[in-house]
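Keep in mind that what you see is a predicted model, and the values were worked out from it rather than measured.
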Amino acid sequence: MNSRWIDLQTANGETFSGYLSLPPAGHGPGIVLVQEIWGVNEHIRAVADQYAQDGYVVLAPDVFWRLSPRVDLTYDEAGTQQAYGYYQQVDTALAASDVAAAVAALRAMPQVTGKVATLGYCLGGQLAFRAAALSQADAAVCYYGGGIHQHLDLAGQIGMPILFHYAQQDAHITQDIVAQVKQAFAGKSNAQFHDYPGTDHGFNCWGRAKMYNQRAAALAHGRTLQFLADKLG
């Protein structure tokens, strides 16, 4: 893969980094891919590379950089404990602003020849949602976005196409929370929702053996590719 870390600028001119993965053709529409709480780790870099193979220019910003640069954790007990520590400390408003800055940076890259979407998982799903409103991204995809229901005041600013994936057996994002998000977009033609029966939070992550669901992950990826192909052109 043609991938590397690059420097990015916050809205205040501070420097942080992001993992950039280019498609084989060298150009295409853009995706800002937003991490889970384990950082821009092996799994997230692999997902970035996967979408790059699908023809997208993918940028995964480091949203924990103010706490520790380039957090790269595994899914064992020690790594998960550290991950939750970062999750409890991160300023999500600043992180959402950083993701919006990554959208602007990606749009300015000569390799990006089309529109730009935000796409995130768990915490990253929330940040993809908030950054879509901040940056007015061209589309957004939120996989089991934790905390979106606490930011539904932004729903009125989400005029771009948005796709939500939810696990029906998710103990972190229960069905009543999902219902709140669905209600906020009721009657709006720009929002699509997909629910995955018998799946748990994190079903897309092959590094989390107890939660990973190959069928749901493949189905969600296919739906996401169709959505992005339709909305990013």
Regarding Arg107 and Asp138, does a basic nitrogen lie under 4.0 Å from an acidic carboxylate oxygen?
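Salt bridge: yes.
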Would Ile162 and Phe129 satisfy side-chain contact (heavy atoms from CB on, under 4.5 Å), going step by step from the backbone distance to the final call?
CA-CA 8 Å; Ile162 187 166; Phe129 176 84; 3.7 Å; yes
Would you sort out whether Val34 and Tyr121 count as a side-chain contact (heavy atoms from CB on, under 4.5 Å), showing the intermediate values?
CA-CA 7 Å; Val34 197; Tyr121 303 85; over 6 Å; no
Enter the distance from [X]:[atom1] to [Y]:[atom2] here, rounded to the nearest 0.5 Å.
{"X": "Leu154", "Y": "Ile148", "atom1": "CG", "atom2": "CD1", "result": "10.5 Å"}
{"X": "Gln81", "Y": "Leu73", "atom1": "CD", "atom2": "CG", "result": "11.0 Å"}
{"X": "Tyr196", "Y": "Asn204", "atom1": "OH", "atom2": "CG", "result": "9.5 Å"}
{"X": "His201", "Y": "Cys122", "atom1": "NE2", "atom2": "SG", "result": "3.0 Å"}
{"X": "Ser17", "Y": "Ile6", "atom1": "OG", "atom2": "CD1", "result": "9.0 Å"}
{"X": "Thr224", "Y": "Leu228", "atom1": "OG1", "atom2": "CG", "result": "6.5 Å"}

Any side-chain heavy-atom pair of [X] and [Y] under 4.5 Å:
{"X": "Phe16", "Y": "Pro69", "result": "no"}
{"X": "Pro29", "Y": "Tyr56", "result": "yes"}
{"X": "Ile173", "Y": "Tyr166", "result": "yes"}
{"X": "Leu106", "Y": "Gln111", "result": "no"}
{"X": "Val32", "Y": "Leu119", "result": "no"}
{"X": "Val181", "Y": "Phe164", "result": "yes"}
{"X": "Glu14", "Y": "Trp65", "result": "yes"}
{"X": "Leu225", "Y": "Arg223", "result": "no"}

Is [Y] reachable from [X] through a run of I, L, V, M, F, W or Y residues, each pair having side-chain heavy atoms under 4.5 Å apart?
{"X": "Phe64", "Y": "Leu94", "value": "no"}
{"X": "Leu219", "Y": "Val178", "value": "yes"}
{"X": "Phe185", "Y": "Met160", "value": "yes"}
{"X": "Val141", "Y": "Leu152", "value": "yes"}
{"X": "Ile37", "Y": "Val90", "value": "yes"}

Can any side-chain N or O of [X] pair as donor or acceptor with the backbone N or O of [Y] at less than 3.5 Å?
{"X": "Gln126", "Y": "Cys142", "value": "no"}
{"X": "Thr118", "Y": "Ala128", "value": "yes"}
{"X": "Gln192", "Y": "Leu163", "value": "no"}
{"X": "Ser135", "Y": "Ala131", "value": "yes"}

Quiz question: by atom type and distance under 3.5 Å, do the side chains of [X] and [Y] form a donor-acceptor pair?
{"X": "Thr92", "Y": "Arg130", "answer": "yes"}
{"X": "Tyr19", "Y": "Asp49", "answer": "yes"}
{"X": "Thr199", "Y": "Gln168", "answer": "no"}
{"X": "Asn12", "Y": "Thr10", "answer": "no"}

What pairs of residues pass the salt bridge (charged side-chain N to carboxylate O under 4.0 Å, His left out) test when at least one of them lies in residues 72-101, not counting sequence neighbours?
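Applying salt bridge (charged side-chain N to carboxylate O under 4.0 Å, His left out) to every pair that reaches into residues 72-101, excluding sequence neighbours, yields Arg45-Asp72, Arg66-Asp98.
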If you apply the rule side-chain contact (heavy atoms from CB on, under 4.5 Å), what do you find for Ile158 with Asn190, and how did you get there?
CA-CA 8 Å; Ile158 304 286; Asn190 63 309; 4.1 Å; yes
Kindly give the heavy-atom pair with the smallest separation between [X] and [Y], and that separation in Å.
{"X": "Pro23", "Y": "Val57", "result": "CD-CG2, 3.8 Å"}
{"X": "Gln157", "Y": "Gln136", "result": "O-NE2, 3.0 Å"}
{"X": "Leu8", "Y": "Ala105", "result": "CD2-CB, 3.8 Å"}
{"X": "Ile44", "Y": "Gly39", "result": "CG1-O, 3.7 Å"}
{"X": "Ala48", "Y": "Val58", "result": "O-CG2, 3.6 Å"}
{"X": "Thr174", "Y": "Ala171", "result": "CG2-O, 3.9 Å"}

Decide if atom CD of Gln226 counts as having more than 12 heavy atoms of other residues, nucleotides or ligands within a radius under 6.0 Å.
no
Apply side-chain hydrogen bond (donor to acceptor under 3.5 Å, both in side chains) to Tyr51 and His221, showing your working.
CA-CA 9 Å; Tyr51 278 105; His221 184 62; 3.2 Å; yes
Pick out which of Tyr143, Tyr144, Phe203 makes a ring pair (Phe, Tyr, Trp, His ring centres under 6.0 Å) with His165.
Tyr143
Relative to Trp5, does Arg70 satisfy both conditions: NZ or CZ under 6.0 angstrom from the six-membered ring centre, and within 45 degrees of the ring's axis?
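Yes, cation above the ring, under 6.0 Å and within 45°.
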Residues Asp195, Lys182; criterion salt bridge (charged side-chain N to carboxylate O under 4.0 Å, His left out); working and verdict
CA-CA 11 Å; Asp195 300 300; Lys182 289 181 176 179; 2.7 Å; yes
Quick one, Asp200 with Asn213, criterion side-chain contact (heavy atoms from CB on, under 4.5 Å). Give me CA distance, side-chain angles, the key distance, then yes/no.
CA-CA 8 Å; Asp200 200 350; Asn213 184 298; over 6 Å; no
Worked check of ring-ring contact (aromatic ring centres under 6.0 Å, His included) between Trp206 and His43:
CA-CA 8 Å; Trp206 41 256; His43 176 256; 4.8 Å; yes
Classify the angle between the aromatic ring planes of Tyr75 and Trp38 as parallel (below 30°), tilted (30 to 60°) or perpendicular (above 60°).
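Because their plane-to-plane angle lies in the 30° to 60° range, the rings of Tyr75 and Trp38 count as tilted.
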